[in-house]
Amino acid sequence: QVQLVESGGGLVQPGGSLRLSCAASGFTLDDYAIGWFRQAPGKGREGVSCISSLNRGTYYADLADSVKARFTISRDKRTVYLQMNSLKPEDTAVYYCAARFALPVTSAPVCASSWYNYWGQGTQVTVSS
């Protein structure tokens, strides 16, 4: 049974950092593309960053708040991480990780929420002074 569990969220002041973790169980994580998505109150779910199976490539969303310059996605055998630095109030949202079997591997991961078929329960990130 595929299971994803996010952790690492919390309350942080503007300019602070958090590292989110997405722990995987029930499948071989290397064979799956993983995405981080977020949903702020009253807004739709948006892609933040995605990583291909076998760690062949990463994608960062072209969001107005310069995610690529501040966030880093990475993975090991059991967990996918999202390191978030220089956090801003507009980063406040529930952050979700998602997975989809993705072999043969591609270097450009898909980062659309509709493509992913397994989801975690989400972790709240609140950036506020």
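- Side-chain heavy atoms closer than 4.5 Å link hydrophobic residues (I, L, V, M, F, W, Y) into clusters, and following such links, possibly through other members, connects Ile51 to Leu54.
- Under a hydrophobic clustering in which Ile, Leu, Val, Met, Phe, Trp and Tyr are joined whenever their side-chain heavy atoms come within less than 4.5 Å, directly or via other members, Val5 and Ile73 fall into different clusters.
- One N or O on the side chain of Arg75 and one on the backbone of Leu29 form a donor-acceptor pair closer than 3.5 Å.
- Listed by first then second residue, pairs satisfying disulfide (SG to SG under 2.5 Å) with a partner in residues 10-43 read Cys22-Cys97, not counting sequence neighbours.
- In this structure, Ser114 OG and Arg100 CZ are separated by 9.0 Å, a value rounded to the nearest 0.5 Å.
- Thr72 meets the side chain to side chain donor-acceptor pair (under 3.5 Å) test with no other residue; sequence neighbours excluded.
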Self-check item: Test side-chain contact (heavy atoms from CB on, under 4.5 Å) applied to Val48 and Tyr96, step by step
Solution: CA-CA 10 Å; Val48 176; Tyr96 300 89; over 6 Å; no

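- Residue pairs meeting the salt bridge (charged side-chain N to carboxylate O under 4.0 Å, His left out) criterion with at least one partner in residues 120-129, sequence neighbours excluded, are absent.
- A side-chain donor-acceptor contact under 3.5 Å links Ser49 to the backbone of Tyr59.
- Without hydrogens or angle criteria, Ser53 side chain to Leu103 main chain gives no donor-acceptor distance under 3.5 Å.
- Asp30 meets the salt bridge (Lys or Arg N to Asp or Glu O under 4.0 Å) test with Lys77; sequence neighbours excluded.
- A salt bridge (charged side-chain N to carboxylate O under 4.0 Å, His left out) check over residues 9-24, counting only residues at least two apart or in different chains, returns nothing.
- Taking the ring-ring contact (aromatic ring centres under 6.0 Å, His included) definition, one finds that Tyr116 meets it with Phe37, sequence neighbours left out.
- Take Asp76 and apply the side chain to side chain donor-acceptor pair (under 3.5 Å) test, not counting sequence neighbours, and it matches Tyr81.
- Expressed to the nearest 0.5 Å, how far OG of Ser25 lies from CD of Gln1 amounts to 8.0 Å.
- Of all heavy-atom pairs spanning Val105 and Ser52, the tightest one is CG2-OG, 4.3 Å.
- Heavy atoms only, all atoms of each residue included: Tyr32 and Ala99 are closest at CD2-CB, 4.0 Å.
- Side-chain atoms of Gln39 do not come within 3.5 Å of backbone N or O of Ala93 as any donor-acceptor pair.
- Between the CD atom of Gln121 and the CD atom of Glu6 there is a distance of 4.5 Å, given to the nearest 0.5 Å.
- Other cluster members for Leu11: none, since no ILVMFWY side-chain heavy atom sits under 4.5 Å from it.
- Taking both residues in full, the closest heavy atoms of Ser17 and Asn85 are given as OG-OD1, 3.0 Å, listed atom of the first, atom of the second, then distance.
- The main-chain N or O of Ser129 is never found under 3.5 Å from a side-chain atom of Gln13 such that the two would form a donor-acceptor pair.
- For Val127, the side chain to side chain contact (heavy atoms under 4.5 Å, CB included) criterion is met by Val12, Pro14, Leu87, Pro89, Asp91, Thr92, Val125, not counting sequence neighbours.
- In this structure, the separation between CD1 on Ile34 and OG1 on Thr58 is 14.0 Å, given to the nearest 0.5 Å.
- Within the 4.5 Å cutoff, the side chain of Val80 has heavy atoms near those of the Trp36 side chain.
- At least one side-chain heavy atom of Trp119 sits less than 4.5 Å from a side-chain heavy atom of Arg45.
- Lys43 meets the salt bridge (Lys or Arg N to Asp or Glu O under 4.0 Å) test with no other residue; sequence neighbours excluded.
- Taking Tyr60 as the reference, nothing meets the side chain to side chain donor-acceptor pair (under 3.5 Å) condition, with sequence neighbours excluded.
- With values rounded to the nearest 0.5 angstrom, Gln83 atom CD is found 8.5 Å from Leu18 atom CG.
- Distance check, rounded to the nearest 0.5 Å: OH of Tyr118 to CD of Gln3 gives 12.5 Å.
- The side chain to side chain donor-acceptor pair (under 3.5 Å) test applied to Tyr95 returns Arg38, not counting sequence neighbours.
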